[in-house]
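One structure is given below, encoded as structure tokens.
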Amino acid sequence: MRTVVAPPATEGELSERANALAGRSLAWVADQRGIEVPANLKRDKGWIGQLLESVLGATAGSRAQPDFPQLGIEMKTLPVSPLGAPRQSTYVCTAPLNSSVGTVWKESWVCRKLARVLWVPIVGNTDTPVGERIVGGPLFWSPDAEEAAALQTDWEELTDLIERGEVWQIDAKRGQYLQLRPKGANSEALVWTLDEEGEWVRDMPRGFYLRARFTAQMLKKHFLLG
DNA sequence: GAGTGATCATTA
DNA sequence: TAATGATCACTC
């Protein structure tokens with residue numbers, strides 16, 4: 001059995017661990033943990049994220065909590081091209097379609113999840129073998145006033161529609177930076193939600209995602225200021 | 001090529 | 001079933 005890496009006690013310690021991985025290949029990182037590198041991610045879509053969680057000492061599991069509960073930090077890998085451009089949108093959290101709570105931005109899952117994030121860029125293209133992709137320099141991030149305001153605007157628009165029972169007419173085109181997309185095992189997956197008339201109906205589970213243009217701007221700011 | 005909608009694995 | 005980790009794959 002593999003040993004478990006103890007959670008970092010401080011953000012500084014987490015930063016040290018993350019920086020120690022910068023420049024390393026995923027094959028090297030996986031070898032540290034005695035983990036095999038899959039030929040492709042077709043059936044292991046979350047492999048990179050779970051590998052990094054394992055090596056950094058994040059709490060394993062799929063609980064609705066930050067990866068580092070004591071530090072209040074969420075870790076996310078970010079696939080980027082060799083030029084540094086994000087290749088995909090980033091999943092934030094599940095959208096609550098059936099709960100009557102959290103209608104205030106500051107208390108929302110999105111706001112709390114993004115309050116403090118450790119971004120770990122993974123450099124490579126789709127055709128780059130998984131093991132040859134390189135871990136980039138970590139970025140500890142919190143949204144600035146501008147970013148927070150933009151996210152809040154998008155979140156409020158989407159949340160308002162959910163509350164009005166109009167989830168069925170939301171598609172991924174809404175939202176400047178934050179979008180709502182299907183997030184289930186497949187298109188057949190169902191969850192309970194309320195329609196316009198307050199009747200319980202079944203619909204697709206959804207999740208909030210950050211558009212690539214948002215993370216691209218974020219990296220650009222960091223690059224220019226750093 | 002970008003972006004949306006679909007999908008895969010695992011754990012609680 | 002619902003949450004986590006995301007990328008795949010098809011359409012435009």
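Throughout, a chain's letter reflects where its sequence line sits, starting with A, and its residues are numbered from 1.
At the heavy-atom level, A:Gly46 lies under 4.0 Å from base atoms of the strands shown. Here A:Pro79 lies in heavy-atom contact (under 4.0 Å) with sugar-phosphate atoms only. Within 4.0 Å (heavy atoms only), A:Gly207 reaches no atom of the nucleic acid at all. If you check every strand for non-hydrogen atoms under 4.0 Å, A:Trp192 touches nothing.
Distances from the side chain of A:Arg202 to the nucleotides C:dT1, C:dT7, C:dG5 place C:dT1 closest. When distances run from any side-chain atom of A:Ala172 to the nucleotides B:dA6, C:dA3, B:dG5, the shortest one goes to B:dG5. Listed nucleotides: B:dT4, C:dT7, C:dG5. Nearest to the side chain of A:Lys183: C:dG5. You'll find that the side chain of A:Thr77 is closest to C:dA6, out of C:dA6, B:dG5, C:dC8. Closest to the side chain of A:Val191, out of B:dT4, C:dA2, B:dT7, is C:dA2. Looking at the side chain of A:Pro182, the nearest of the listed nucleotides B:dG5, C:dG5, C:dT7 is B:dG5. Residue A:Ser187 places its side chain closer to B:dA6 than to any other of C:dT4, C:dC8, B:dA6.
Counting to the nearest Å, the P atom of B:dG5 and the CG atom of A:Leu180 are 10 Å from each other. Rounded to whole angstrom, the span from the CZ atom of A:Arg43 across to the P atom of B:dA6 amounts to 19 Å. Taking atom NZ on A:Lys76 and atom P on C:dT4, their separation rounds to 8 Å, with Å as the unit. Atoms CH2 (A:Trp47) and P (C:dC8) sit 13 Å apart, rounded to a whole Å. Rounded to an integer number of Å, the gap from A:Gln176 CD to B:dT4 P is 13 Å. Computed from coordinates, the A:Asp171 CG to B:dG3 P distance equals 14 Å when rounded to whole Å. Put simply, CD on A:Gln179 is 8 Å from C1' on B:dG3, counting in whole angstrom units. Taking atom CD on A:Glu74 and atom C1' on C:dT4, their separation rounds to 9 Å, with Å as the unit.
Both A:Met204 and A:Gln50 lie close to DNA chain B; mapped to their nearest nucleotides by heavy-atom distance, the more 5′-ward contact belongs to A:Met204. Mapping A:Gln88 and A:Ala185 onto DNA chain B via the closest heavy atom, the residue that lands nearer the 5' end is A:Gln88. Between A:Arg181 and A:Tyr91, the one whose closest nucleotide on DNA chain C sits nearer the 5' end is A:Tyr91.
In this model, no donor atom of one side chain and acceptor atom of the other lie less than 3.5 Å apart for A:Glu53 and A:Gln50. Side chain to side chain, A:Arg87 and A:Ser81 fail the donor-acceptor criterion of an N or O pair below 3.5 Å. Remark: the A:Ser89 side chain and the A:Arg181 side chain contain an N/O donor-acceptor pair separated by less than 3.5 Å.
Distances shorter than 4.0 Å separate none of the side-chain N or O atoms of A:Lys42 from OP1 or OP2 on B:dA9. The side chain of A:Arg211 contributes no N or O atom lying less than 4.0 Å from OP1 or OP2 of B:dA2.
Between A:Thr77 and A:Trp119, the closest side-chain pair of non-hydrogen atoms is not below 4.5 Å.
Among all heavy-atom pairs drawn from A:Leu219 and A:Pro86, the shortest one is CD1-CG, 4.1 Å.
Membership of the apolar cluster around A:Phe223 extends to A:Leu224, as traced through chained side-chain contacts below 4.5 Å between ILVMFWY residues.
For a distance-only test at 3.5 Å, the side chain of A:Lys45 qualifies as a donor-acceptor partner of the base of B:dT7.
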